[in-house]
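Just so you know, these numbers use all the heavy atoms, side chains as well, and skip hydrogens, waters and symmetry mates. Each ligand, and each atom within it, is numbered from 1 in the order the structure gives.
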Amino acid sequence: MPTVREATFELLRAHGMTTIFGNPGSTELPMLSEFPEDFTYVLGLQELAVMGMADGFAQASGRPAHVNLHTAPGVGNAVGGIFNAQANKSPLLITAGQQARAQITFEANLTNRDAVFGPQPYVKWAHEPPRAQDVPAAIGRAIHQASLPPRGPVFVSIPMDDWGQEADEERLAAATARTVNGRAVPDPSALAQLASLLEHAEHPVLVAGPDIDASGGWDSAVALAEKQRLPVWAPPATGGSRIGFPESHPQFMGILPPAIGPLAGTLEGHDLVLVVGSSVFAYYPYIPGPLLPQGTSLVAITSDPGEAARAPMGDAIVGDVALALKELVELVGESERTRPEPRADPAPPEPADPMTGSEVMAALAEAWSEETIAVVESPSSTLAVRHRLGISAPGSYYMCASGGLGFGISAAVGVQLAQPSRPVVCVLGEGSAQYGITALWTAVAYRAPVTFLVLRNDEYMILKWFSMLEEVSGVPGLDLPGLDTAALARAYGMPADDVTGREELVAVLGQAMAQDRGPRLVQTRVASGMWLE
Ligand SMILES: Cc1ncc(C[n+]2csc(CCOP(=O)(O)OP(=O)(O)O)c2C)c(N)n1
């Protein structure tokens, strides 16, 4: 008779989930004992970093990933990352240790009191199995739940004495054999109606969101835009966890501004807005105005019923985004509309000392290849990254959709582990870098050859910019003097360079991106400012 531990590993194996991201504690040791040789344990040094690594790994592999956390304090540290994972729609199985069943009632040390409430409201399901024998089936249920749309994190708390108990073999066999397919076809009549609306609209526009990339709908999105000659916008960068359309395509118009009034203003002149694979919309900050221009209608296609229901305006069709796009391409004819005028390339950046964020990104663009993946957490230069790189291959851009910091370094490590043959560049503000800094150690320990590009401006620039927008002054805590991230990297065992000029930056980035033996950090000073292109 297998133990609950053996049965659980059997089930994880059947799901192809043989990588576990974790930070261990005494309550997890019984699970990790006799760790199977065909499994990999990726050690993160703090739980927020563990979450980010698994998030990046899940997104870049397109499959659920497993996170193992220490009981209450570990789960507490992870909550920011759980919030990020639900915004990113990252399918994560989160397991956490718990005190032995015999000691939970009187709250012995490390009891995770009311364990299922800890990660709320950011998990799709939270559970502590009523019997040890239910653990494997609960984990099976959790994996399915995480993988169904909208994908996201789920949580299972497991008392530490469960692992040695005898498993229920019959239940294990049944749970292991199950597959659950969650790709729902959108209502054909709704799609036919939408196709007709699109064909008859005078100036329709497509807003191509992150779920196009996640669902595998990239080619269909391009085909639809080309067939219908649609100008294409990306949804606001604030919620843009991935890129849904090639950004160097002549029909790509840019990134919508993130606030209500300016966003509606940008869509002026369009009678139909088709939003695909995005929420409507990740507004921030609050700049009031009409939700849409007068006379404009909006239809959204999303696999997320919550996203469909909560949109403040427009209609929505719920279903798999890639399937919907494929069907729409079939349904619409070749349009005779004039193709939109391609937007102008951004002007070459003015050379400055220190460089502007735009110049740094122009340097990165010189070292870039089609294969490269960007993981971005550089608030004042996010738009410069998008405009200068013009990323145009699927699965090549990851940013945290929620804005919660601590994602960048750790997600880059996870992305690199999931995509070992592609170069990964992680673009970081030096302030943002500190939240997930311990993941530098994991990059070194697991030889994940990420290139970390740190922009050092000695401040929380974006918060200074928000202070202007919010018309507040005298805010403390917005400067970061003397924060040397290259020195920190060296302390974690990572080679690091301080680079000043553009030429040197291109050369060092090129070298760093070409090598595949381990990570490297490149720090460069940037001028103070918001770099919007
Ligand atoms: C977990 C978390 N804490 C705090 C914030 C608020 N915050 C947003 S941007 C930012 C500063 C980022 O600074 P830096 O990375 O140096 O980028 P810069 O704005 O200078 O480009 C902070 C603290 C956040 N988004 N997430």
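With distances taken over non-hydrogen atoms, the option nearest atom 18 (P) of ligand 1 out of G436, S380, G429 is S380. By heavy-atom distance, the residue among G529, A433, G431, C400 lying nearest atom 14 (P) of ligand 1 is G431. Comparing L483, L405, D458 by heavy-atom distance to atom 1 (C) of ligand 1, the nearest is L405.
Closest of all the heavy-atom pairs between A367 and M513 is O-CE, 3.2 Å. Of all heavy-atom pairs spanning A65 and A54, the tightest one is CB-O, 3.7 Å. Contact detail for L110 and T71: the closest heavy-atom pair is O-OG1, 3.0 Å.
Considering backbone and side-chain atoms together, S378 places no N or O closer than 3.5 Å to any N or O of ligand 1. Inclusion of I462 in the set of residues having an N or O under 3.5 Å from an N or O of ligand 1 is warranted. Remark: ligand 1 and N457 share an N or O pair separated by less than 3.5 Å (distance only, no angle test).
The proximity of L463 to ligand 1, defined as any non-hydrogen pair under 4.0 Å, is limited to the side chain.
What sits closest to atom 4 (C) of ligand 1 on the protein, heavy atoms only, is Y435 OH, 3.6 Å. For atom 17 (O) of ligand 1, the nearest protein heavy atom (residue, atom name, distance) is P379 CD, 3.4 Å. Protein heavy atom closest to atom 11 (C) of ligand 1, with residue, atom name and distance, is Y460 CD2, 3.3 Å.
One finds the CD1 atom of I139 at 6.0 Å from the NE2 atom of H66 (value rounded to the nearest 0.5 Å).
Heavy-atom distances between G403 and ligand 1 reach below 4.0 Å in at least one pair.
Less than 4.0 angstrom separates some heavy atom of M461 from each of these atoms of ligand 1: 18 (P), 19 (O), 20 (O). Residue contact check: E459 has heavy atoms under 4.0 Å from atoms 16 (O), 20 (O) of ligand 1.
Under the 3.5 Å distance criterion, with hydrogens and angles disregarded, a donor-acceptor pair is assigned to the side chains of H70 and T27. Side chains of T302 and E307: a donor on one and an acceptor on the other come within 3.5 Å.
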